[in-house]
Structures are given as C-alpha cells and as structure tokens.
A.B. asks: 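One structure, as structure tokens, below. Some questions next.
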Amino acid sequence: MSTMTDPETIAELIDDCADIPADLRVARASVPRPPAPGDWAVDDACHAQVVGLEDY
C-alpha cells in the first residue's frame with residue numbers, strides 16, 4: 001500500500017483496502033442506519049416555483 005499516491009487501477013485499490021488492519025474495519029452490524037425519510041408534500045409555494053417551466 002502506498003500512502004503517497006492514489007491507486008490508479010481497481011486492483012491497486014483492492015490491494016490498498018486489503019492492507020487496512022482488521023481492528024480499524026467496522027462490522028456492518030455496528031454501523032447505525034440513517035432514519036427513514038419522512039413523508040413530504042408539495043405545497044403551493046413549492047409548486048409556484050415550477051409553474052410554467054414545462055414551457056421553458
């Protein structure tokens with residue numbers, strides 16, 4: 001692994017990733033999931049911003 005240059009091929013990237021010590025790797029189960037996006041609705045102000053754009 002070279003810390004001085006960026007990998008130029010996918011093989012170099014894979015080799016670099018393989019050199020990461022195991023204690024620095026994060027298990028997938030321990031990574032928190034982002035919250036699900038909430039519902040949204042288009043209000044009149046939002047709709048007014050795009051009125052007529054199909055003609056543009």
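The first residue of the sequence shown is numbered 1, and numbering continues consecutively from there. All heavy atoms count here, side chains included; hydrogens, waters and symmetry mates do not. What you are looking at is a predicted structure, and each value in this text was computed from that prediction instead of being measured.
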A.B. asks: Is the number of heavy atoms from other residues, nucleotides or ligands within 6.0 Å of CG (D23) greater than 12?
C.D. replies: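 Correct, the count exceeds 12.
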
A.B. asks: Quick check for you: to the nearest 0.5 Å, what is the distance between T9 atom OG1 and D15 atom CG?
C.D. replies: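 So the OG1 of T9 and the CG of D15 are separated by 7.5 Å.
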
A.B. asks: Check D6 against E12 and note the closest heavy-atom contact, atom names and distance.
C.D. replies: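 For D6 versus E12, the nearest heavy atoms are O-OE1, 4.4 Å.
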
A.B. asks: From Q49 CD over to D43 CG, what is the distance, rounded to the nearest 0.5 angstrom?
C.D. replies: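 CG of D43 is found 8.5 Å from CD of Q49.
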
